[in-house]
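Notes to accompany the following structure.
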Amino acid sequence: MAEENRGSTPAKTSTNAVKKTEGKLSFTKRVGKWMREMRSELKKVIWPTPKQTLNNTVVALVMMAFSAVVLWGFDTLASLGVQTLIDLV
């Protein structure tokens, strides 16, 4: 069976499908095409539920507050260290 396939000539492929046969689209047609493609892509998006959105928002706010406290603490310690060095001199 494999020997039969070797003797046959390979099927010719055409590049006509790859070539652009149409010219440049007008601006309005390009915008319309873009809008249709965007709408179809937005249908594929899995949107978060309100509960997930609230949870993510709370986590982000807590992390920002924690980061602010850490930076404030570091700034206070650095300021205290610099002030101590100035007082020693």
Side-chain angles (χ1 to χ4, degrees):
M1 187 180 273
E3 293 173 7
E4 294 174 7
N5 289 338
R6 280 192 236 162
S8 64
T9 59
K12 292 190 176 188
T13 57
S14 173
T15 58
N16 290 338
V18 177
K19 293 180 183 176
K20 285 188 177 181
T21 56
E22 57 189 51
K24 186 174 180 181
L25 296 174
S26 68
F27 178 75
T28 55
K29 288 185 180 183
R30 283 186 284 156
V31 169
K33 181 181 176 186
W34 178 79
M35 291 292 281
R36 284 189 303 276
E37 290 174 355
M38 182 183 62
R39 188 180 311 142
S40 69
E41 288 296 322
L42 284 175
K43 288 180 182 178
K44 298 176 188 177
V45 174
I46 299 174
W47 297 100
T49 64
K51 185 178 179 180
Q52 290 172 330
T53 304
L54 178 65
N55 187 33
N56 291 343
T57 303
V58 168
V59 168
L61 291 173
V62 167
M63 288 303 298
M64 285 190 297
F66 178 74
S67 298
V69 169
V70 168
L71 287 173
W72 173 76
F74 178 75
D75 184 51
T76 302
L77 287 174
S79 175
L80 184 64
V82 169
Q83 190 62 39
T84 303
L85 286 174
I86 290 174
D87 289 342
L88 288 176
V89 174

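The structure presented is a predicted model; accordingly, all values stated were derived computationally and were not measured. Quick note: numbers below take in every heavy atom, side chains included, and nothing from hydrogens, waters or symmetry partners.
- With hydrophobic clusters built from ILVMFWY side chains whose heavy atoms lie under 4.5 angstrom apart, Leu61 does not share a cluster with Phe66.
- More than 12 heavy-atom neighbours from other residues, nucleotides or ligands sit within 6.0 angstrom of CG on Leu88.
- Closest approach of Pro48 to Gln52, counting heavy atoms only: CA-OE1, 3.2 Å.
- For Ser26, the side chain to side chain donor-acceptor pair (under 3.5 Å) partners at least two apart in sequence or on another chain are Thr28.
- Every residue two or more places apart in sequence or in another chain that forms a side chain to side chain contact (heavy atoms under 4.5 Å, CB included) with Trp47 is listed here: Leu42, Val45.
- Listed by chain and number, the residues in a salt bridge (charged side-chain N to carboxylate O under 4.0 Å, His left out) with Lys44 are Glu41 (sequence neighbours excluded).
- In this structure, CE on Met64 lies 9.0 Å from OG on Ser67, to the nearest 0.5 angstrom.
- Summarising the geometry, atom CG belonging to Asp75 is positioned 11.0 Å from atom CG belonging to Leu80; distances are rounded to the nearest 0.5 Å.
- Tracing side-chain contacts under 4.5 Å through hydrophobic residues (I, L, V, M, F, W, Y), one never reaches Phe74 starting from Val82; they form parts of separate clusters.
- The residue from Lys29, Arg30, Met35, Arg36 that alone fulfils the side-chain contact (heavy atoms from CB on, under 4.5 Å) condition with Lys33 is Arg36.
- Within a 6.0 Å sphere centred on CE of Met38, heavy atoms belonging to other residues, nucleotides or ligands number more than 12.
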